[in-house]
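Below, each value reflects all heavy atoms present in this structure, side chains not excepted, and no hydrogens, waters or symmetry copies. Small disclaimer: the values here were computed from a predicted structure and weren't measured. Start at 1 and go down the list; that is how both ligands and their atoms are numbered.
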Amino acid sequence: MNDNSNPVLVAGAGPVGLACALELARLGRAVRIVDKKDGPSTDSKAIAVNSRSLELLEPSGVTPRIVEAGVHIRRANLHSGDRRIATMDFSALDHRYNFAMALPQSETEKLLAAALGERGVRVEWGTELTAFGQDAKTVHAVLVKDGRQETVESPYLVGADGAHSTVRHQLKLGFPGAAYEDLWQVLDVRMDGPWGRDEVNVRFVPDGGIFFAIPIPGEALFRIATNRPEEPAALAPAGTTIHEVVWRSDFRIHHRVVESFARDRCFLCGDAAHVHSPAGGRGMNLGIEDATDLARRIVGGGVAGYAARRHAIAKRVVAQTDRLTRMAMLRSPLSRTLRDTLVPLVVALPPARRFLARENMGLNSG
Ligand SMILES: Cc1cc2nc3c(=O)[nH]c(=O)nc-3n(C[C@H](O)[C@H](O)[C@H](O)COP(=O)(O)OP(=O)(O)OC[C@H]3O[C@@H](n4cnc5c(N)ncnc54)[C@H](O)[C@@H]3O)c2cc1C
């Protein structure tokens with residue numbers, strides 16, 4: 001099989017599959033992208049697009065569109081109750097994207113799909129990857145659309161098919177990790193309050209609770225989330241009024257990393273390979289990193305190095321996010337007091353502050 005004439009097959013048209021297909025198309029590689037859903041998602045889900053993703057999506061022309069459509073996030077504030085204990089100022093970063101963009105995932109996906117369409121690649125909706133096998137040169141995949149089965153041959157299969165990945169299951173790759181106990185409430189709301197529209201605010205509340213808010217495009221719109229069962233308004237700072245809930249979802253968070261990101265000609269990217277808490281806003285961004293790295297290796301050579309590199313990065317980010325999540329959810333008053341004393345001291349140190357800001361923005365993993 002001629003590697004260049006046969007399309008790479010991407011399973012899954014979430015942000016990660018779209019980013020992979022787009023980068024392949026930009027680099028002149030034939031690609032097919034299929035998704036079992038009937039059409040694009042309208043779910044708000046991941047909001048933050050960090051500096052590293054903006055850098056990676058720049059060559060395909062998507063970054064200026066995200067920057068135009070989203071809200072600039074210039075700093076992150078940590079509060080313990082009503083006391084601000086630390087601020088991370090992204091604008092101090094020495095980077096052309098020294099900010100994050102806040103944009104609902106459905107809008108990011110729309111921009112990625114539009115850019116892909118401009119390069120002549122349409123997502124094949126309603127098309128499910130149901131089975132595949134591989135030999136030394138080819139992946140043989142079975143796609144099902146409207147009950148009709150098609151067998152395709154492709155040089156590579158990219159499994160960007162989410163946390164319940166068919167590709168991961170069929171490769172029989174373990175997904176070790178665990179679930180956190182708490183159920184999270186995630187809402188997009190119209191609200192007024194003391195927090196600015198160019199910052200993320202994270203508030204530690206009693207009993208291991210976290211409440212956070214990030215502005216999203218639209219008059220007075222914010223994404224808010226909490227791991228507590230109370231009405232979110234009860235956890236917001238004084239002076240906050242929630243006028244309207246425009247989207248909500250309750251979900252349980254896991255932290256898991258697949259045992260290997262590849263088996264021969266089949267690769268995993270995004271949630272198919274790693275899931276973790278939204279602390280630090282890395283989830284979708286880490287997937288976009290996988291996707292562009294893999295696409296560049298497929299075109300430029302070096303696919304053999306993909307699995308080890310991305311596995312090491314994901315293990316580090318997921319472990320770090322887990323530490324951050326546990327620190328945020330501390331329950332005992334003594335450990336909370338200790339945390340609230342130590343965090344400002346650490347963040348006051350310029351190297352620590354710089355490391356944390358770069359980590360958040362995906363700039364430490366390259
Ligand atoms: C309620 C909620 C809130 C979230 N909030 C945040 C947040 O604030 N910050 C953050 O960073 N992350 C957040 N996330 C996580 C974030 O949404 C994911 O990290 C991101 O969607 C991962 O993208 P992906 O493309 O890897 O997978 P997905 O977005 O899950 O896309 C996978 C796609 O594959 C398709 N598919 C599956 N199986 C097949 C198959 N066999 N054949 C064809 N297609 C298939 C699916 O239909 C789907 O469209 C949130 C998730 C949820 C559910």
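- Using modelled atom types, one finds no donor on one side chain facing an acceptor on the other under 3.5 Å when comparing Asn6 with Ser154.
- Contact check on Glu150 versus Arg32 returns a salt bridge, with a Lys/Arg side-chain nitrogen under 4.0 Å from an Asp/Glu carboxylate oxygen.
- There is no side-chain donor-acceptor pair under 3.5 Å between Gln185 and Asp250.
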Would you list the atom pairs, donor with acceptor, under 3.5 Å between side chains in residues 107-116 and any protein atom, with sequence neighbours excluded?
unit_1 : atom_1 : unit_2 : atom_2 : d
Glu107 : OE2    : Lys110 : NZ     : 3.3
Glu109 : OE2    : Gln105 : NE2    : 2.9

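- Under 3.5 Å, the side chains of Asp322 and His276 contain no donor-acceptor pair of N or O atoms.
- By the neighbour-count criterion of 12 heavy atoms within 6.0 Å, atom CZ of Arg331 is densely surrounded, having more than that number from other residues, nucleotides or ligands.
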List of N/O pairs, ligand 1 versus protein, all under 3.5 Å?
unit_1   : atom_1 : unit_2 : atom_2 : d
ligand 1 : 11 (O) : Gly283 : N      : 3.2
ligand 1 : 11 (O) : Met284 : N      : 3.4
ligand 1 : 17 (O) : Gln105 : OE1    : 2.7
ligand 1 : 19 (O) : Asp271 : OD1    : 2.8
ligand 1 : 19 (O) : Asp271 : OD2    : 3.3
ligand 1 : 21 (O) : Gln105 : OE1    : 3.4
ligand 1 : 21 (O) : Gln105 : NE2    : 2.9
ligand 1 : 25 (O) : Pro15  : N      : 3.4
ligand 1 : 25 (O) : Val16  : N      : 3.1
ligand 1 : 26 (O) : Asp271 : N      : 3.0
ligand 1 : 41 (N) : Leu129 : O      : 3.0
ligand 1 : 41 (N) : Thr166 : OG1    : 3.0
ligand 1 : 42 (N) : Leu129 : N      : 3.0
ligand 1 : 44 (N) : Lys36  : N      : 3.1
ligand 1 : 47 (O) : Asp35  : OD1    : 2.7
ligand 1 : 49 (O) : Asp35  : OD1    : 3.4
ligand 1 : 49 (O) : Asp35  : OD2    : 2.6
ligand 1 : 49 (O) : Lys37  : NZ     : 2.8

